[in-house]
Trainee: 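Questions regarding the structure given below will be posed in turn.
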Amino acid sequence: MSILEELNWRGLVADCTDGAGLRKRLVSPTVVYCGFDPTADSLHAGNLVPLLALRRFQLLGHHPIAVAGGATGLIGDPSGKSQERQLITTEALEHNIARVRIQLARLLDFETRENPARLVDNSAWTQNVFYLDFLRDIGKHFSVNQMVAKESVRARMEDRESGISYTEFSYMLLQAFDFMVLARDYQCELQIGGSDQWGNITAGLDLCRRKLAKAVFGLTLPLLTNADGTKFGKTEAGAVWLDPKRTSPYRFYQFWINSDDRDVIRRLKYFTFLSSDEIGALEKQHAENPGARHAHRALAKALSDLIHGSAVTAEAIRASEILFGGRLEGIAESTFDEIVGEAPTKEIEKSKLDGAGLPLVELLVHAGLSASKGQARKDIQGGGVNVNNIREASETRSVTSNDLLFGKHVLLRKGKKNYVVVTAR
RNA sequence: GGUAGGUUACCCAAGUGGCCAACGGGGGCAGACUGUAAAUCUGCUGGCUUACGCCUUCGAUGGUUCGAAUCCAUCACCUACCA
């Protein structure tokens with residue numbers, strides 16, 4: 001199967017330039033690139049679509065290049081942003097790139113002999129460029145009229161409150177410059193990115209044609225949306241990160257398990273490497289018995305395996321089974337220990353639970369499950385609070401050392417999904 | 001620069017002297033039903049308090065009044081029309 005067929009059946013092609021020409025070109029191995037802006041020290045779920053697309057290219061024999069935006073990250077892409085960005089420091093940027101590099105290495109194969117992935121930092125070819133040279137060599141090929149017409153720029157220019165700085169306005173030129181350098185020095189012929197990157201990608205196409213007289217291609221991937229209209233990759237706790245320090249493997253697993261029914265098949269196509277047959281089978285199972293959620297489980301396991309490895313995934317699955325499995329009575333300490341550290345954990349001084357103990361409302365606030373003591377009382381009155389998986393109806397209840405499981409832990413739950421293990425020390 | 005209107009809780013928005021911690025909608029949280037869904041229904045949604053109640057909040061500051069989101073003054077910001 002060709003890469004285009006692969007991307008097409010997965011629904012991963014939003015748009016591409018010169019479809020016929022691209023199809024012809026992709027018959028033989030091609031160098032393809034995608035940029036990642038290191039705005040944080042970890043990638044998040046939203047970055048996965050283009051990143052996994054690179055991997056798909058690699059699996060089918062093409063040469064992927066991941067570009068860490070050391071230079072462009074200093075500027076900030078206005079695409080999809082309604083407000084001017086805060087500039088980040090050079091030191092923070094370098095730290096971010098180093099961290100992101102490690103994550104990239106897990107998903108792309110840098111070792112294979114045939115078509116190893118490469119990671120390059122665009123500051124390598126940008127930092128020594130003089131401003132006047134850049135204006136003369138690159139800037140001359142751009143028409144401000146066209147740049148202004150670009151959706152992301154126009155939206156910001158029309159918004160009198162935020163506006164757009166010259167800095168961000170120039171972003172497009174830098175990304176076009178990247179493509180040109182990669183086309184010239186790395187024989188790169190294709191750039192992929194989210195559909196919000198269309199303008200930036202085509203700008204690079206134009207520059208390559210004018211500077212190098214070289215025809216290159218662009219392909220955009222659909223921006224992911226949720227069936228309920230919310231933004232993909234966000235939870236109440238914020239973005240879903242790949243870094244286990246930011247998003248625990250348990251939460252990561254839960255994020256995918258909680259996919260909306262209407263989204264789950266699409267997500268399987270977008271995010272997993274399961275074959276068309278396998279996904280078809282899951283789709284059939286899902287249609288026949290959605291309650292069993294085979295598709296959700298397959299999705300969550302596949303992603304967790306990919307990002308965190310199968311050993312860690314097994315723990316996350318086990319923790320999920322325990323937490324959502326009902327009563328804790330008779331549970332073995334070793335089993336319970338599996339969820340400690342998986343679910344969010346808070347510590348408390350053991351002495352506070354001596355004697356009369358600590359009011360449950362205070363413990364709820366301490367654990368971060370309720371915003372205030374008043375709110376905690378309302379949560380209890382509403383029947384939403386469980387202690388050690390048993391519903392607690394009394395708002396005057398205190399938690400004492402008698403409530404400790406194995407002399408150490410108290411399992412608090414608010415609602416169906418919000419767990420915190422409080423550990424006494 | 002002139003004129004008119006506006007600024008209320010997470011967002012939108014009602015309230016034009018006491019009945020206002022402030023109608024309604026959205027969002028959020030929780031409950032029922034379920035499958036850790038969706039849809040639907042119910043409750044909650046400033047803080048402290050077991051509770052009575054107390055405290056803080058309607059752009060900012062000051063004033064009038066027994067009493068101010070509401071009236072007055074000044075300032076800041078926004079919107080529309082005119083220049």
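Per chain, numbering begins at 1; letters A, B, ... match sequence-line order. All of these numbers come straight from a predicted model, not from anything done at the bench.
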Trainee: Which value, in whole Å, describes the distance between the P atoms of nucleotides B:rA51 and B:rG46?
Mentor: 16 Å
Trainee: Please state the P separation for the pair B:rG53 and B:rA22 - nearest whole angstrom.
Mentor: 13 Å
Trainee: Quick one: NZ on A:Lys414 to CD1 on A:Ile380, what's the gap to the nearest 0.5 Å?
Mentor: 11.0 Å
Trainee: Pick base, sugar-phosphate or nothing for A:Gly291, based on heavy-atom distances below 4.0 Å to the nucleic acid.
Mentor: base
Trainee: Please, which pairs that meet ring-ring contact (aromatic ring centres under 6.0 Å, His included) have at least one residue in residues 367-409 of chain A, sequence neighbours excluded?
Mentor: A:Phe336-A:Phe406, A:Phe336-A:His409
Trainee: Under the ring pair (Phe, Tyr, Trp, His ring centres under 6.0 Å) rule, collect the residues that match up with A:Tyr419, sequence neighbours excluded.
Mentor: A:Phe324
Trainee: Using a 4.0 Å heavy-atom cut-off across all strands, classify A:Gln381 as base, sugar-phosphate, or nothing.
Mentor: nothing
Trainee: Which residue lies toward the 5' end of RNA chain B, A:Glu395 or A:Gly382, if each is placed at its nearest nucleotide?
Mentor: A:Gly382
Trainee: Rounded to the nearest angstrom, tell me the gap between atom CG in A:Leu360 and atom P in B:rU50.
Mentor: 13 Å
Trainee: For the pair made of CD1 in A:Ile380 and P in B:rA30, what is the distance, rounded to whole Å?
Mentor: 14 Å
Trainee: P atom, B:rA80 versus B:rA68: distance in rounded Å?
Mentor: 35 Å
Trainee: Please enumerate all residues that pass ring pair (Phe, Tyr, Trp, His ring centres under 6.0 Å) together with A:Phe217, with sequence neighbours excluded.
Mentor: none
Trainee: Restricting to nitrogen or oxygen on both sides, can you table the protein-nucleotides 22-27 of chain B pairs closer than 3.5 Å?
Mentor:
none

Trainee: Could you state the CZ-C1' distance from A:Phe255 to B:rU36, rounded to the nearest angstrom?
Mentor: 15 Å
Trainee: Watson-Crick or G-U wobble partner for B:rU50, using a 3.5 Å limit on both distances?
Mentor: none
Trainee: In whole angstroms, how far is the C1' atom of B:rU36 from the CZ atom of A:Phe324?
Mentor: 5 Å
Trainee: To the nearest angstrom, how far is A:Asp260 atom CG from B:rA37 atom P?
Mentor: 11 Å
Trainee: Whole Å only: how far is the CG atom of A:Asn418 from the P atom of B:rU36?
Mentor: 15 Å
Trainee: Using the P atom as the reference point in each nucleotide, state the distance between B:rC71 and B:rC58 in Å, no decimals.
Mentor: 15 Å
Trainee: Taking atom C1' of B:rU49 as reference, at what distance in whole Å does atom CD of A:Glu362 sit?
Mentor: 12 Å
Trainee: Indicate, with a heavy-atom threshold strictly under 4.0 Å, whether A:Arg391 touches base, sugar-phosphate, or nothing.
Mentor: sugar-phosphate
Trainee: Test of understanding: with side-chain hydrogen bond (donor to acceptor under 3.5 Å, both in side chains), list the residues that count as partners of A:Ser123, not counting sequence neighbours.
Mentor: A:Asp121
Trainee: Within the modelled atom types, does a donor on one side and an acceptor on the other bring the side chain of A:Asn289 and the base of B:rG35 under 3.5 Å apart?
Mentor: no
Trainee: Please identify each residue that fulfils side-chain hydrogen bond (donor to acceptor under 3.5 Å, both in side chains) with A:Gln285, with sequence neighbours left out.
Mentor: none
Trainee: Please report the distance separating the P of B:rC48 from the corresponding atom of B:rU36, rounded so that it comes out in whole Å.
Mentor: 33 Å
Trainee: Between A:Thr247 (side chain only) and A:Pro244 (backbone N and O only), is there a donor and an acceptor less than 3.5 Å apart?
Mentor: no
Trainee: Who does B:rU36 pair with, Watson-Crick or G-U, both distances under 3.5 Å?
Mentor: none
Trainee: If pairing requires Watson-Crick or G-U wobble contacts with both distances under 3.5 Å, which nucleotide is the partner of B:rC75?
Mentor: B:rG59
Trainee: Check side-chain hydrogen bond (donor to acceptor under 3.5 Å, both in side chains) between A:Arg297 and all other residues, then give those that pass, not counting sequence neighbours.
Mentor: none
Trainee: Applying the Watson-Crick and G-U wobble criteria at under 3.5 Å, what pairs with B:rC81? Answer none if nothing qualifies.
Mentor: B:rG2
Trainee: Across the strands shown, which category fits A:Ser320 at heavy-atom distances under 4.0 angstrom: base, sugar-phosphate, nothing?
Mentor: base
Trainee: Using the P atom on both, measure B:rC78 against B:rG62 and round to a whole Å.
Mentor: 24 Å
Trainee: Where does the angle between the aromatic ring planes of A:Phe169 and A:Tyr166 fall among parallel (under 30°), tilted (30 to 60°) and perpendicular (over 60°)?
Mentor: tilted
Trainee: Only pairs under 3.5 Å count here: list side-chain donor-acceptor contacts from residues 53-69 of chain A, not counting sequence neighbours, and write none if there are none.
Mentor:
unit_1: A:Arg55; atom_1: NH1; unit_2: A:Leu107; atom_2: O; d: 3.1
unit_1: A:Arg56; atom_1: NH1; unit_2: A:Thr272; atom_2: O; d: 3.0
unit_1: A:Arg56; atom_1: NH2; unit_2: A:Tyr270; atom_2: O; d: 2.6
unit_1: A:Arg56; atom_1: NH2; unit_2: A:Thr272; atom_2: O; d: 3.2
unit_1: A:Gln58; atom_1: OE1; unit_2: A:Asp109; atom_2: N; d: 2.9
unit_1: A:Gln58; atom_1: NE2; unit_2: A:Asp109; atom_2: O; d: 2.7
unit_1: A:Gln58; atom_1: NE2; unit_2: A:Asn115; atom_2: O; d: 3.0
unit_1: A:His62; atom_1: ND1; unit_2: A:Thr30; atom_2: N; d: 3.0

Trainee: Of all the choices, B:rG35, B:rA38, B:rA30, which nucleotide is nearest to the side chain of A:Lys414 once you look at every atom?
Mentor: B:rA30
Trainee: How many whole angstroms separate atom CG of A:Leu364 from atom P of B:rA30?
Mentor: 12 Å
Trainee: Taking pairing as Watson-Crick or G-U wobble with both contacts under 3.5 Å, can you name the mate of B:rA30, or confirm there isn't one?
Mentor: B:rU42
Trainee: Quick check on RNA chain B: between A:Thr396 and A:Asn258, whose nearest nucleotide comes earlier from the 5' end?
Mentor: A:Asn258
Trainee: Expected output is a numbered-order residue list: members of residues 301-312 of chain A with a heavy atom under 4.0 Å from any atom of RNA chain B. What is it?
Mentor: none
Trainee: When rounded to the nearest Å, what value does the distance between P atoms of B:rU7 and B:rU16 take?
Mentor: 13 Å
Trainee: For B:rG2 versus B:rA13, give the span between their C1' atoms, rounded off to a whole number of Å.
Mentor: 31 Å
Trainee: Can you sort out the partners of A:Lys417 under side-chain hydrogen bond (donor to acceptor under 3.5 Å, both in side chains), two or more places apart, ordered by chain and number?
Mentor: A:Asn258
Trainee: Using a cutoff of under 3.5 Å, can you pull out all pairs of nitrogen or oxygen atoms linking the protein to nucleotides 45-48 of chain B, with atom names and distances?
Mentor:
unit_1: B:rG47; atom_1: OP1; unit_2: A:Ser372; atom_2: OG; d: 3.4
unit_1: B:rC48; atom_1: OP1; unit_2: A:Lys373; atom_2: N; d: 3.1
unit_1: B:rC48; atom_1: OP2; unit_2: A:Ser372; atom_2: OG; d: 3.2
unit_1: B:rC48; atom_1: OP2; unit_2: A:Gly374; atom_2: N; d: 3.1

Trainee: Just distance, no hydrogens or angles: give the donor-acceptor pairs under 3.5 Å from side chains in residues 352-371 of chain A, sequence neighbours left out.
Mentor:
unit_1: A:His366; atom_1: NE2; unit_2: A:Glu347; atom_2: O; d: 2.7
unit_1: A:Ser370; atom_1: OG; unit_2: A:Asp379; atom_2: OD2; d: 2.9

Trainee: Between A:Arg397 and A:Asp403, does at least one N-O distance fall below 4.0 Å, as a salt bridge requires?
Mentor: yes
Trainee: Hey, what do you get for CG (A:Leu224) to CZ (A:Arg267), rounding to the nearest 0.5 Å?
Mentor: 6.5 Å
Trainee: Mind checking who B:rA68 pairs with, Watson-Crick or G-U wobble, both distances under 3.5 Å?
Mentor: none
